[in-house]
Peer 1: 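Here's a structure for you.
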Amino acid sequence: MIRLENISKAYGGGKVKAVDGLTMTVESGKVFGFLGPNGAGKTTTINIMTGILSADSGHIWLENVDLEKNPLEAKRMFGFVPDSFEMFDRLTGMEYLTFLADVYQVGQAERKAHIDRMLPMFSLEKEVNQQIRSYSHGMKQKLQVIGSLIHQPRIWILDEPMTGLDPASMHVLKQEMQRLCDDGRTVFFSTHVLDVAERLCDEIGIIRKGTLIAQGAMDALMKGDHSKTLEDLFLDLTSKEA
Amino acid sequence: MPPYVKLLLKTRLKSFNPFALFGLDKTKKKKVFMAFGLLLYGLMMAGYLIFMEYHLFQAFVQLGEPETMLAVVVVISSLLIVFLGFFYLLSELFFTKDLAFVSALPISSRQLMLAKLLRVWMGEALIALAMCLPVIIMYGIHAGKGIAYYLFSTILTLAIPLLPMIVVTLLSFVLVRLSSLWKHREALTMVFSVAFIFLVVFGQMQLTSSINSGNPADIMQQLAQSQHAMLQGMSSFYPPAAWFAGALMNGGLDGMLQWVLFAGVNVGALLLATYVLGGSYQQLAIRQSEARVRADASLKRVRGIQAVRTPLRALYRRELKEIFSSPTYALNCLVGGIMFPVMILFFSLSKQSGMSELAGIVPMIEGLNPILLVAGSSALFALAGSMNMGVATAISREGKRHSFYVTLPVPTKDILLSKLLMGVTIALLISLPMAIVLAVLLPSLALPIILGFVLAQLFMLSNAVIGLHRDIKHPKFGWKSETEAIKQNWVAAMSMFGGMAIVVSCAVVLYLGTTIGIALSLSYPVLCALALAADFWLLRRLFSKGSQAYLLAEAA
């Protein structure tokens with residue numbers, strides 16, 4: 001479960017509000033799509049949720065662990081796929097996965113089982129022993145996905161995970177999201193691909209100018225707005241007061 | 001060992017691999033060749049260092065104080081680590097790309113800081129070893145020490161960087177806490193870098209002020225004698241240096257106690273700093289990374305409708321702006337514009353005898369052939385103007401944006417011309433202040449200086465065109481950092497040597513001309529005319545063959 005309470009974050013001496021009083025709860029066993037136009041505050045919110053940025057005010061609980069009070073314990077609760085991969089490029093893929101397994105203190109048998117299962121799923125068996133700097137953007141993305149799940153987290157947070165993935169990998173990723181959800185875990189991802197969100201999400205949240213303007217089950221939101229598709233709903237909500 | 005510490009040490013070790021330095025795109029043969037070149041360069045530098053240290057050591061032996069050399073080398077290594085390591089440590093602690101990623105991992109703040117400090121230490125320990133080991137060996141041979149001496153001294157040398165690193169860490173924490181300053185941190189980096197270069201130039205001038213020319217042995221002898229009190233005082237100014245010398249010099253319990261004291265203080269400083277500062281490190285580093293976003297978000301200057309420019313002017317402005325907006329590029333391209341005039345001013349004003357020396361030289365110079373004066377000053381300005389890496393890296397600096405440039409609806413000729421104009425502007429910015437300072441200091445020689453300045457542009461242009469053309473043929477698009485783009489670029493180094501080569505070849509031609517009876521008043525104008533013709537030919541070649549090659553170059 002993810003719980004955000006009155007999260008705010010401003011830049012430029014408070015003049016530019018990236019996130020403004022955001023409060024929401026995502027229950028366990030749900031796939032949650034976090035939507036919004038460019039610059040709406042999606043990545044800032046995710047960065048605050050993962051401890052990359054500190055909020056100016058508010059509280060975050062990840063599986064009832066307070067991120068501010070127990071940051072290390074809270075960080076063990078989630079696996080994170082950031083929107084870019086810009087580090088450790090001299091490591092091989094396997095060294096990167098081993099590093100993450102060490103950080104999360106994953107046992108030998110568990111890490112082997114995970115890697116053996118995930119590498120073929122994403123067709124990375126051959127490349128895993130090559131240096132990451134030789135990887136394409138999509139291959140780096142797949143490696144991040146595999147690494148983020150190495151400790152079987154209760155929460156899976158993904159920032160624009162579909163970017164750069166080929167159709168087969170995108171399919172595998174969606175299946176994994178569903179598997180985790182069926183397993184009673186929480187999947188929280190941001191995306192611009194509304195078709196994917198529409199088919200995959202149990203719930204969505206739409207953010208605009210740092211404020212959550214809608215949250216709830218897809219059907220309920222569409223009924224309330226008399227929209228036929230998520231695209232209609234999204235365009236309708238995000239264009240209001242624009 | 002904690003996984004993050006292990007990871008950072010491992011990646012640092014990998015970066016020491018000379019074959020890995022040259023990227024994945026190079027063939028094995030090329031990598032071996034380049035690694036061999038690098039090794040040769042390293043050996044040359046080490047040879048020069050050992051040569052200088054040997055002569056200084058001999059000077060101290062003659063003064064009957066060889067042990068002072070041990071303390072001196074520790075102080076010099078520590079100062080080097082403070083100055084050279086400052087930006088590295090600062091960027092490793094607060095500006096690395098992995099900071100955001102590791103912040104989302106369950107790694108404690110202290111572990112993060114310790115890992116980063118140890119990663120920096122690995123590089124700094126190499127500096128300490130390179131600086132100190134030759135002196136340790138010299139002293140060992142001189143004092144007839146046994147194998148245990150070499151073993152314990154080497155271990156102790158590895159601890160030398162720790163204390164200076166902690167000093168830099170404290171300083172960087174203070175600087176980062178001053179968040180208002182960090183809104184302008186790029187400008188601040190520039191100011192610090194330029195100040196550091198001045199400090200080095202000033203220190204070097206002060207140290208050598210009382211030294212007359214001679215062979216290296218004489219120079220070191222004079223340095224040891226003239227700065228004896230200062231060199232001796234170094235160990236009292238920095239007590240660990242005296243402990244280090246004491247540990248190596250004395251045997252028995254006294255030596256061992258000093259060994260433990262030196263090692264203990266250094267390692268203790270690392271652990272204490274990690275304990276005290278480590279708790280707040282991650283928070284501070286994250287806040288720092290936000291400072292830039294805050295600064296960007298608070299930019300309020302809206303200029304309204306921008307002026308309409310031709311594509312060439314727009315490209316030229318962008319090229320110049322790129323140099324000025326990046327501290328790394330600006331430092332490598334423009335610092336000569338400040339450094340050379342200041343060096344001339346230092347030379348003439350800092351030494352009391354300087355003016356009198358200068359005053360003595362002026363009548364002698366005034367008596368020279370005016371054409372020789374023009375040729376000499378043009379050579380000086382051409383050399384100074386070529387000492388920048390702007391134009392010879394203009395294509396490589398495009399990096400992954402190269403494919404974007406190729407898609408622009410602008411003739412390739414204009415793209416290349418904009419880069420060339422940028423290079424010419426930078427060369428002007430470097431040589432013009434120098435010409436002004438010289439003309440003001442030597443008013444009676446103002447005319448030959450001005451003429452020399454104008455004619456120097458002919459030679460600088462040739463070098464710029466050659467540098468740009470070379471970069472088109474051998475672009476290095478796959479860089480990860482701006483430093484890599486501009487500094488670790490052999491085309492840029494070649495271009496700087498090219499400036500020297502042009503000046504030396506012109507001097508040789510003029511000299512040979514005079515030996516066979518061709519007057520300078522004839523040979524120099526002919527040389528300038530030839531340089532002009534060469535400029536035209538090189539430009540035509542650049543715009544024809546260079547344009548084709550530019551379009552064919554592939555971005556990483």
Side-chain angles (χ1 to χ4, degrees), chain A residues 9-18 43-44 46-54 56 67 70-92 95-96 98-106 130-135 144 147-148 151 153 157 159, chain B residues 1-17 19-21 23-25 96-112 115 179-180 183 279 282-300 400 478-481 556:
Chain A
K9 179 82 187 171
Y11 296 121
K15 284 173 193 160
V16 182
K17 287 182 177 171
T43 297
T44 306
I46 287 177
N47 284 346
I48 293 170
M49 276 165 59
T50 51
I52 295 171
L53 288 178
S54 53
D56 294 340
L67 181 67
N70 293 306
L72 295 189
E73 203 190 329
K75 285 174 187 179
R76 281 191 196 101
M77 293 297 157
F78 65 81
F80 176 47
V81 180
D83 62 345
S84 62
F85 190 103
E86 294 194 80
M87 59 283 166
F88 311 138
D89 59 355
R90 282 188 198 278
L91 294 183
T92 64
E95 284 172 328
Y96 171 74
T98 308
F99 160 66
L100 286 177
D102 288 340
V103 166
Y104 288 107
Q105 296 168 311
V106 180
Q130 291 170 7
Q131 284 197 356
I132 293 172
R133 60 181 173 155
S134 69
Y135 286 16
Q144 288 197 119
S148 67
H151 58 303
I157 302 170
D159 193 2
Chain B
M1 194 187 285
Y4 188 60
V5 177
K6 203 163 91 183
L7 176 90
L8 286 197
L9 296 187
K10 200 171 171 182
T11 50
R12 184 76 177 125
L13 267 179
K14 280 190 177 184
S15 71
F16 290 148
N17 174 6
F19 296 105
L21 277 176
L24 294 167
D25 52 333
T96 46
K97 285 179 181 173
D98 72 344
L99 206 56
F101 176 73
V102 292
S103 296
L105 299 179
I107 301 173
S108 74
S109 178
R110 287 196 176 94
Q111 193 195 127
L112 280 183
S179 57
S180 56
K183 283 180 183 174
Q282 195 176 1
Q283 198 66 25
L284 188 64
I286 290 171
R287 216 185 305 155
Q288 188 291 129
S289 66
E290 291 173 47
R292 193 169 184 183
V293 182
R294 286 207 178 101
D296 293 345
S298 63
L299 285 177
K300 288 184 288 290
K400 289 175 182 167
W479 47 267
K480 294 274 190 303
S481 67

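The sequence lines fix the lettering, A, B, ..., with proteins before strands; numbering per chain opens at 1. All heavy atoms count here, side chains included; hydrogens, waters and symmetry mates do not.
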Peer 1: Hey, does B:Leu7 have a side-chain heavy atom less than 4.5 Å from the side chain of A:Leu91?
Peer 2: yes
Peer 1: Identify the heavy atoms of B:Leu105 and A:Leu100 that sit nearest to each other, and give their distance.
Peer 2: CD2-CD2, 3.9 Å
Peer 1: If I compare all heavy atoms of B:Pro3 with all of A:Asp102, which pair ends up nearest, and what's the gap?
Peer 2: CB-CB, 3.4 Å
Peer 1: Quick check: closest heavy atoms across A:Tyr104 and B:Ala104, and the distance to 0.1 Å?
Peer 2: OH-O, 4.2 Å
Peer 1: Out of A:Asn47, A:Thr98, A:Leu72, A:Ile157, which one racks up the most heavy-atom pairs below 4.5 Å with chain B?
Peer 2: A:Leu72
Peer 1: Got a donor-acceptor contact below 3.5 angstrom from the B:Lys6 side chain to the A:Phe99 backbone?
Peer 2: no
Peer 1: Which heavy atom in A:Gly51 sits nearest to a heavy atom in B:Ser103, and how many Å separate them?
Peer 2: O-CB, 3.8 Å
Peer 1: By a 4.5 Å heavy-atom criterion (distance strictly below it), what part of B:Gln283 contacts chain A: side chain, backbone, both, or neither?
Peer 2: side chain
Peer 1: Search all heavy atoms of B:Ile286 against all heavy atoms of A:Leu53 and return the closest pair with its distance.
Peer 2: CG2-CA, 3.9 Å
